[in-house]
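Read through the structure below, which is laid out as structure tokens, and then see the notes.
Below, chains carry the letters A, B, ... as their sequence lines are ordered, and counting in each starts from 1.
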Protein chains: 2
Amino acid sequence: MNTLSYGLLSLLSLNPQSGYDLMHRIQPFWPAKHSQIYPLLSCLEKEGLVQFETVAQTDKPDKKVYSVTESGRDALRKWLSEPTDAPALRDALMLKIFCISLSNPDAARALIEERAGYYRCKLDIFKEKLETIREKASLEEEDAPVFGSPYFGSYVLVQRALSSSRSDLNWCEWVVSLLPPGKKPETEHL
Amino acid sequence: MNTLSYGLLSLLSLNPQSGYDLMHRIQPFWPAKHSQIYPLLSCLEKEGLVQFETVAQTDKPDKKVYSVTESGRDALRKWLSEPTDAPALRDALMLKIFCISLSNPDAARALIEERAGYYRCKLDIFKEKLETIREKASLEEEDAPVFGSPYFGSYVLVQRALSSSRSDLNWCEWVVSLLPPGKKPETEHL
DNA sequence: CCTGACATGTAACTGGTTACATGATTCC
DNA sequence: GGAATCATGTAACCAGTTACATGTCAGG
């Protein structure tokens, strides 16, 4: 049992879903391709931690909907009580910044702006997700779901994603502000 | 040539150093063990991107000090101009939070507090690193090194590490504040 | 008819971790 | 003499990516 297996089990504890769904939902917290997920689900099924049901769909191809078993929930409870590994972040941009002085201000700006765009995009996605959760949990402005609510986990996770993206975007903008002014950008002509 | 190879090259462009040094310096941005780094350095040396010199030390064992070649610097310049992969974060705590409702408030608090401690520790480490850089670059309070200074990269990287740790720690404290009050902590008896 | 999203799988390969292996030097 | 840090390396294994492979269904 590796971390990804527990992650799949954890997501399934929220609601039964397909491998395809799991792949999309686990991505922001633990990147994984379908080629890794499908075999793990088969394995979890053999171990009796999950079970599945083939569901026919009329508008889309059929799917296998997985759900956790009682034995799976026991495994999760045990996992929750064990010490958590430190997070692992791998970011090529940080490595590029070590040798940024081999570059010039314009190339450096392009490098950071590319990433800033990525964080702006993430911000928009997570803002939408927050709205979806607020609606589902029928929350008033500024309210948070209480511990025990099925939305508590998703809510605190999306809030984290939002504050991380904001913090990272601010950093990008700060770095760009430190760069010496170079060639004027196209927008100046408008 | 994979990202880690470029990362090693990038660090070596700052100053010549040993595989052992590289391992420690690359960790915060790209986790890697010595068993992955040493073979890659041999490989980079065969490709002519780095060269090494065996340096005898009296107080410690001998070491191999690597440095980038002109060909290595060319490879770095080319790498800088290529699009950067999105960062990959893998965090088991986020996965645990999905099924936090299988737990109880006290266990949840312990889970988050463990991580909060981790971020507090990181914060202290990066604060010290910032001071070290400030001294080396002989910077006044609040000043930043200019683009082109050999300290520019390290400075913006440590500032990022600091703001990320602060943001993550704030999130942990916010989550704990949402948890219902459970058994009183030991400190209440003082 | 073709593209794109939905859906599931396997095989080959690369990246990364754990374990094995060795040895110098310092400090207790 | 033993533990801790410094220093380098290899081998076996596990995790993760890329490529191969197939098929359904909707919309242009």
Side-chain angles (χ1 to χ4, degrees), chain A residues 1-9 11-12 16-47 50-66 85-92 95, chain B residues 1-9 11-12 16-47 50-67 83 85-92 95:
Chain A
M1 284 292 291
N2 55 25
T3 309
L4 180 55
S5 303
Y6 281 112
L8 296 171
L9 221 49
L11 274 166
L12 288 175
Q17 54 193 302
S18 68
Y20 190 82
D21 292 331
L22 286 167
M23 176 185 60
H24 292 295
R25 285 181 223 224
I26 210 163
Q27 283 284 351
F29 311 100
W30 199 278
K33 317 280 177 180
H34 72 275
S35 54
Q36 198 180 5
I37 290 170
Y38 291 128
L40 282 180
L41 284 170
S42 298
C43 185
L44 289 172
E45 198 259 337
K46 273 175 207 144
E47 302 285 322
V50 300
Q51 57 192 132
F52 73 89
E53 205 186 352
T54 304
V55 172
Q57 298 181 117
T58 51
D59 54 335
K60 291 174 207 172
D62 298 356
K63 62 178 173 179
K64 285 163 88 171
V65 174
Y66 286 86
D85 286 339
L89 171 65
R90 287 192 168 87
D91 191 346
L95 303 181
Chain B
M1 285 290 293
N2 56 25
T3 309
L4 180 56
S5 303
Y6 282 112
L8 296 172
L9 221 49
L11 274 165
L12 288 175
Q17 53 193 303
S18 68
Y20 190 82
D21 292 330
L22 286 166
M23 175 184 63
H24 292 296
R25 290 192 197 169
I26 209 162
Q27 284 286 351
F29 310 100
W30 200 279
K33 317 281 178 182
H34 72 274
S35 54
Q36 198 180 4
I37 290 170
Y38 291 128
L40 282 181
L41 285 171
S42 297
C43 186
L44 289 172
E45 198 259 335
K46 273 176 208 146
E47 303 286 321
V50 301
Q51 57 192 132
F52 72 89
E53 206 187 352
T54 304
V55 172
Q57 297 181 115
T58 50
D59 53 333
K60 293 174 205 169
D62 299 355
K63 62 179 174 180
K64 285 163 88 170
V65 174
Y66 286 86
S67 51
D85 287 339
L89 171 65
R90 286 192 169 85
D91 192 345
L95 302 181

Within this structure, what is the [atom1]-[atom2] distance for the pair [X] and [Y], rounded to the nearest 0.5 Å?
X: B:S5; Y: A:L95; atom1: OG; atom2: CG; result: 11.0 Å
X: B:N2; Y: B:L8; atom1: CG; atom2: CG; result: 8.5 Å
X: A:R25; Y: A:Y20; atom1: CZ; atom2: OH; result: 12.0 Å
X: B:I26; Y: B:I37; atom1: CD1; atom2: CD1; result: 6.0 Å
X: B:L41; Y: B:Y66; atom1: CG; atom2: OH; result: 5.0 Å

Task: Presence of A:K64 side-chain N/O under 4.0 Å of C:dG9 phosphate oxygens OP1/OP2 - done: yes
TODO: Establish, with yes or no, whether the OP1 or OP2 oxygen of D:dG9 is under 4.0 angstrom from a side-chain nitrogen or oxygen of B:Y38.
DONE: no
Write down the distance between [atom1] ([X]) and [atom2] ([N]), rounded to a whole number of angstrom.
X: A:K63; N: D:dT22; atom1: NZ; atom2: C1'; answer: 20 Å
X: B:L40; N: D:dT8; atom1: CG; atom2: P; answer: 14 Å
X: B:M23; N: D:dT5; atom1: CE; atom2: C1'; answer: 11 Å
X: A:I37; N: C:dG9; atom1: CD1; atom2: P; answer: 12 Å
X: A:E45; N: C:dT8; atom1: CD; atom2: C1'; answer: 15 Å
X: A:L41; N: C:dA7; atom1: CG; atom2: P; answer: 14 Å
X: A:L22; N: C:dA7; atom1: CG; atom2: P; answer: 12 Å

Task: Reading 5' to 3' through nucleotides 20-25 of chain C, protein heavy-atom contacts under 4.0 Å coded B for base, S for sugar-phosphate only, - for none - done: ---BBS
Got a donor-acceptor contact below 3.5 angstrom from the [X] side chain to the [Y] backbone?
X: B:Q57; Y: B:P61; answer: yes
X: B:E45; Y: B:F52; answer: no
X: A:R90; Y: B:F29; answer: no
X: A:Q27; Y: A:L22; answer: no

Atom pairs under 3.5 Å, N or O on each side, protein against nucleotides 11-17 of chain C: can you list them with distances?
from: C:dG16; atom 1: OP1; to: A:R90; atom 2: NE; distance (Å): 3.3
from: C:dG16; atom 1: OP2; to: B:Q36; atom 2: NE2; distance (Å): 2.7
from: C:dG16; atom 1: O5'; to: B:Q36; atom 2: NE2; distance (Å): 3.4
from: C:dG16; atom 1: O3'; to: A:R90; atom 2: NH2; distance (Å): 3.2
from: C:dT17; atom 1: OP1; to: A:R90; atom 2: NH2; distance (Å): 3.4

